[in-house]
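All remarks here apply to the structure that follows.
Naming convention: chains lettered A, B, ... in sequence-line order (proteins, then strands); numbering from 1 in each chain.
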There are 2 protein chains.
Amino acid sequence: MASEPATSQPSSKAEPERSKVTFRRPDRDPTRPVYVISVAASIVSVHPRTLRIYEEEGFICPARTPTNIRLYSENDVRRVLWIRHLTQNLGVNLAGVRILFELEERLGTRILERLYSEATSGERPESAPATASAAPSAVEA
Amino acid sequence: MASEPATSQPSSKAEPERSKVTFRRPDRDPTRPVYVISVAASIVSVHPRTLRIYEEEGFICPARTPTNIRLYSENDVRRVLWIRHLTQNLGVNLAGVRILFELEERLGTRILERLYSEATSGERPESAPATASAAPSAVEA
DNA sequence: AGAAACCTATCAATGATGTTGTCAAGAGAT
DNA sequence: ATCTCTTGACAACATCATTGATAGGTTTCT
């Protein structure tokens with residue numbers, strides 16, 4: 001398992017077992033499949049098993065070598081990072097992630113990045129209470 | 001607990017304990033708080049405890065009588081019905097519901113109703129796989 | 001050849017979440 | 001007195017997400 005499909009990346013044979021090995025990620029073509037599963041898992045700080053599950057669930061679709069090895073692209077990694085942000089930071093479950101992804105595709109806009117950019121701006125709006133019955137006005141008996 | 005704040009609604013004292021009692025829901029002002037918690041819970045087919053939790057979580061904000069009794073409006077009920085659709089039918093957790101609600105408010109559009117209307121049209125699109133690395137093209141070794 | 005990493009498939013442990021149910025004490029209405 | 005509501009707290013149960021492990025097989029590298 002040493003096929004280095006093109007890009008000269010830092011040796012992934014150093015077995016990055018959750019170690020703090022840093023990777024210079026290729027910034028050429030984000031759609032190019034370049035990472036084997038162990039590397040992708042390390043980049044994203046997730047278990048390889050989790051990556052496989054995400055694929056089974058249809059969230060990502062990494063490329064395959066002729067010998068059936070998964071290769072993840074930069075876009076795959078970003079997508080997983082986004083899923084992790086939603087699930088770990090915001091607590092959204094996978095069904096929710098699915099809905100959000102579908103929304104994004106349906107609306108044809110990057111609504112998630114809009115939300116993300118506002119979240120990183122430290123705006124962190126309060127979870128607004130229901131707009132319905134806005135003022136819990138006491139009702140006259 | 002007999003303050004009937006205005007609308008003459010079917011007697012809620014019949015103790016609708018998940019029974020199949022049907023209610024003629026007032027269709028005048030959807031923001032008017034008219035249902036006590038037991039009635040609202042029955043309409044939505046949910047446990048009263050759950051309604052309280054939804055309120056604690058900030059999803060709904062029912063009105064209160066001078067004696068601290070919750071009164072839910074039609075809009076509250078609709079909002080809970082929508083939450084239930086997301087959680088029970090689509091499997092979204094409450095954190096996901098929260099994100100979707102925030103999105104809706106932020107975009108100032110009824111994206112959820114758009115999704116809902118398409119879901120009820122029996123369209124039920126497949127969970128599209130990741131748009132990244134669309135074609136899992138085999139990579140030459 | 002042997003080791004490591006990949007593959008699929010399966011099972012299991014653990015922690016978190018959501019819903020429901022219960023109890024206690026109190027308040028309000030009939 | 002009885003019923004329904006309130007708050008607060010606790011608990012049971014089912015489900016989900018993540019991680020971990022095992023088995024058997026394949027591929028790659030030394």
Side-chain angles (χ1 to χ4, degrees), chain A residues 1-5 11-18 33 35-42 44-57 59 62-72 80 83-99 136 138-139 141, chain B residues 1-5 11-18 33 35-42 44-57 59 62-72 80 83-99 136 138-139 141:
Chain A
M1 218 310 287
S3 64
E4 196 104 5
S11 173
S12 61
K13 301 196 196 61
E15 194 66 320
E17 191 83 301
R18 296 287 176 84
Y35 306 120
V36 289
I37 193 166
S38 57
V39 174
S42 180
V44 187
S45 299
V46 72
H47 198 278
R49 178 88 184 98
T50 306
L51 286 183
R52 293 192 183 101
I53 290 172
Y54 285 172
E55 181 185 1
E56 290 166 14
E57 294 289 334
F59 290 114
R64 295 287 185 131
T65 66
T67 56
N68 207 28
I69 301 291
R70 291 175 177 83
L71 287 182
Y72 294 82
V80 175
I83 292 173
R84 299 298 280 181
H85 171 64
L86 291 173
T87 57
Q88 304 302 308
N89 298 341
L90 302 184
V92 181
N93 66 354
L94 293 185
V97 171
R98 176 166 290 116
I99 299 293
V139 181
Chain B
M1 215 309 286
S3 64
E4 196 105 4
S11 174
S12 61
K13 304 194 192 61
E15 192 70 323
E17 190 84 290
R18 295 286 176 83
Y35 307 119
V36 289
I37 193 166
S38 58
V39 174
S42 179
V44 185
S45 298
V46 71
H47 198 278
R49 180 88 186 96
T50 306
L51 285 184
R52 293 193 183 101
I53 290 172
Y54 285 171
E55 183 185 356
E56 289 167 15
E57 294 288 336
F59 290 114
R64 296 285 188 135
T65 65
T67 56
N68 209 27
I69 301 290
R70 291 176 175 82
L71 288 181
Y72 295 81
V80 175
I83 292 172
R84 299 297 282 182
H85 171 63
L86 290 174
T87 57
Q88 304 302 308
N89 297 341
L90 301 184
V92 181
N93 65 356
L94 293 185
V97 171
R98 175 167 291 117
I99 298 294
V139 181

Inset, instruction - Assign A/Ile53 to base, sugar-phosphate, or nothing according to its heavy-atom contacts below 4.0 angstrom with the strands shown. - result: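 Contact class for A/Ile53: base.
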Inset, instruction - Check every strand shown and say whether A/Glu56 touches a base, only sugar-phosphate, or nothing at a heavy-atom separation below 4.0 Å. - result: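 No contact at all - A/Glu56 keeps every heavy atom at 4.0 Å or more from the nucleic acid.
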Inset, instruction - For A/Arg98 and B/Leu90, indicate whether the former's side chain and the latter's backbone hold a donor-acceptor pair under 3.5 Å. - result: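 Not confirmed, A/Arg98 side chain does not pair with B/Leu90 backbone.
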Inset, instruction - Would you kindly compare B/Arg52 and B/Gly91 by the position of their nearest DNA chain D nucleotide and give the one closer to the 5′ end? - result: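 Whichever sits nearer the 5' end wins; that is B/Arg52.
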Inset, instruction - Would you mind telling me which residue lines up with the more 5' stretch of DNA chain D, A/Tyr54 or A/Thr67, judged by nearest nucleotide? - result: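 Looking at the nearest nucleotide for each, A/Tyr54 comes out on the 5' side.
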Please confirm whether the shortest side-chain N or O distance from [X] to OP1 or OP2 of [N] is below 4.0 Å.
| X | N | result |
| --- | --- | --- |
| B/Arg64 | D/dT6 | no |
| A/Thr87 | D/dA17 | no |
| B/Gln88 | C/dT19 | yes |
| A/Ser38 | C/dC6 | yes |

Measuring from the side chain of [X] (C-beta onward, heavy atoms only), which nucleotide among [options] has the closest atom?
| X | options | answer |
| --- | --- | --- |
| B/Val46 | C/dT20, D/dT6, C/dT8 | C/dT20 |
| B/Ile69 | D/dT6, C/dC6, D/dT18 | D/dT6 |
| A/Arg49 | D/dA21, D/dC5, C/dT20 | D/dA21 |
| A/His47 | D/dG20, D/dT6, C/dT20 | D/dG20 |
| B/Leu94 | D/dC5, C/dC6, C/dG18 | C/dG18 |
| B/Arg70 | D/dT18, C/dT17, D/dT7 | D/dT7 |

Legend entry - Worked verdict on B/Leu71 versus B/Val36 for side-chain contact (heavy atoms from CB on, under 4.5 Å): CA-CA 5 Å; B/Leu71 288 181; B/Val36 289; 3.7 Å; yes
Rounded to whole Å, how long is the line connecting atom [atom1] of [X] with atom [atom2] of [N]?
| X | N | atom1 | atom2 | answer |
| --- | --- | --- | --- | --- |
| A/Ile37 | D/dT26 | CD1 | C1' | 15 Å |
| A/Leu86 | D/dC16 | CG | C1' | 16 Å |
| A/Leu71 | C/dC7 | CG | C1' | 13 Å |
| B/Leu90 | D/dC16 | CG | P | 13 Å |
| A/Tyr35 | C/dC6 | OH | P | 15 Å |
| A/Glu55 | D/dT18 | CD | P | 15 Å |
| B/Phe59 | C/dT17 | CZ | P | 13 Å |
| B/Glu57 | C/dG18 | CD | P | 7 Å |

Measure the spacing between [atom1] of [X] and [atom2] of [Y] and express it to the nearest 0.5 Å.
| X | Y | atom1 | atom2 | value |
| --- | --- | --- | --- | --- |
| B/Glu56 | B/Thr50 | CD | OG1 | 10.5 Å |
| A/His47 | A/Ile37 | NE2 | CD1 | 10.0 Å |
| A/Ile99 | A/Leu94 | CD1 | CG | 12.0 Å |

Inset, instruction - May I have the step-by-step check of side-chain contact (heavy atoms from CB on, under 4.5 Å) for A/Val80 and A/Tyr72, ending in yes or no? - result: CA-CA 10 Å; A/Val80 175; A/Tyr72 294 82; 5.6 Å; no
